[in-house]
Amino acid sequence: MPADPPTHVVIEPLAAQRMLAGTMRSGRVEVVDGGDLARVTADPGDDVQVVHANRFEDVVPGDGLVCVVVDGEIRCYAPDPVDLTVLPERADIFDRVRGVFETDVLRDRSVAVLGLGSGGSVILRELARCGVGRFLLVDHDRLEIGNVSRHECGLSDVGRLKTNAARDLVLDRNPAAEIAAMTLKIDGDTIDELAAAIETFDVDLVVCATDNRASRLLVNRLCVLAGLPALYAGVFRRAYGGQVLRYVPGLSPCYQCFVSALPMMATDQEISSETVASAIAYSDRIVAVEPGLAADIAPVALLVAKLALQEVLGDTASTLASLNEDLVAPLYLWLNRREANTEYATLAPLATGVDQMSVLRWYGIGLARAVDCPACGDFAADLDTSAFALRK
Ligand SMILES: [Zn+2]
């Protein structure tokens with residue numbers, strides 16, 4: 001124990017379980033934040049004494065940290081009473097917020113996140129926080145130093161496979177989540193393996209945040225054939241903007257339709273590797289500094305998370321239900337700034353106007369299916385796409 005007693009104690013789930021069961025008499029204490037916080041684990045050690053008493057008033061605390069258990073309640077003294085957080089067991093965490101989040105519904109829903117870069121990791125974090133309970137995580141890279149400023153994982157994860165770091169990112173927020181991780185580069189040689197994994201895991205939704213168009217087209221074909229809804233997220237060079245494509249089987253245009261219809265817009269690039277990031281961020285540098293890259297990627301990732309929730313919730317009655325009338329477009333556009341040498345350079349400033357197109361707003365874009373699309377065209381001729389023709 002440090003000279004100054006801690007002002008807050010956190011008791012790990014296993015330690016709490018054993019204390020309450022009466023099978024733990026001492027445990028290990030990890031002191032962090034310069035002694036301000038003590039974490040009690042059930043590891044062997046005698047840093048903390050666990051006392052079972054009839055009444056809290058009966059306890060005479062010594063110099064060190066003492067945990068007292070009376071009638072299923074834990075308190076800590078060091079030697080005065082100390083604020084206490086008892087971490088729940090994994091399965092209990094979302095029981096505590098039931099009614100606040102739609103967790104009962106979401107805990108059984110499964111999302112495959114393909115590409116765990118700056119975009120994919122933010123999307124994943126949001127879905128985990130919302131209580132989505134099952135994830136299939138796919139990436140082949142390791143976290144590099146250059147990723148850290150944009151990625152949800154930090155310096156302590158550099159060198160780790162992104163799949164492993166992302167798995168821990170989820171478990172730190174939703175310890176009850178079921179996670180399957182595949183270290184796999186999505187290409188023509190691996191797409192069948194990916195398809196099998198998606199089927200085995202019974203995936204409800206595919207989120208494609210990979211960093212190249214070839215992999216997206218492969219994933220698109222997979223989703224069209226499997227009848228799986230999918231979201232494709234991408235940012236433009238130096239993240240001056242981005243777009244999200246929502247694929248609804250049998251209803252909306254697919255990613256191949258999008259590429260065919262808007263080839264220039266489809267030349268987005270997700271910034272998931274250091275090489276790609278450097279090329280996007282710095283190769284055609286015009287300005288001296290480029291602050292806020294992560295903040296420019298975040299809006300795109302957050303819309304994907306919203307669309308993902310909308311997709312997996314379906315018609316479930318929830319606070320998000322009205323969004324089913326708002327988010328009906330197959331394609332969404334976001335602009336972070338009036339980037340020079342683009343068609344958006346001459347937009348009027350956001351200012352206080354509401355009628356003109358501007359930066360920092362979402363735009364839903366109607367996009368028709370391509371009847372002759374090589375991916376989804378076989379099914380296109382007799383389908384009603386009017387719901388997606390918002391801006392014709
Ligand atoms: Zn198509």
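As the structure lists them, so they are numbered: ligands from 1, and atoms in each ligand from 1. No hydrogens, no waters, no symmetry mates; every other heavy atom, side chains included, goes into these values.
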[X] with [Y]: basic N within carboxylate O range, under 4.0 Å:
{"X": "Arg134", "Y": "Asp204", "answer": "no"}
{"X": "Arg75", "Y": "Glu73", "answer": "yes"}
{"X": "Arg160", "Y": "Asp168", "answer": "yes"}

From the Zn ion (ligand 1), how many protein N/O/S atoms are found at a distance short of 2.8 Å?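 Total protein N/O/S atoms under 2.8 Å from the Zn ion (ligand 1): 4.
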Please step through side-chain hydrogen bond (donor to acceptor under 3.5 Å, both in side chains) for the pair Asp139 and Thr163, ending with a clear verdict. CA-CA 6 Å; Asp139 201 296; Thr163 44; over 6 Å; no
Quick check with a 6.0 Å cut-off and a 45 degree axis cone: is Arg246 positioned over the face of Tyr332's six-membered ring?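 No, Arg246 does not sit over the ring of Tyr332.
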As an exercise, state the distance from CD1 of Ile186 to CG of Asn212, rounded to the nearest 0.5 Å.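 It comes to 8.5 Å.
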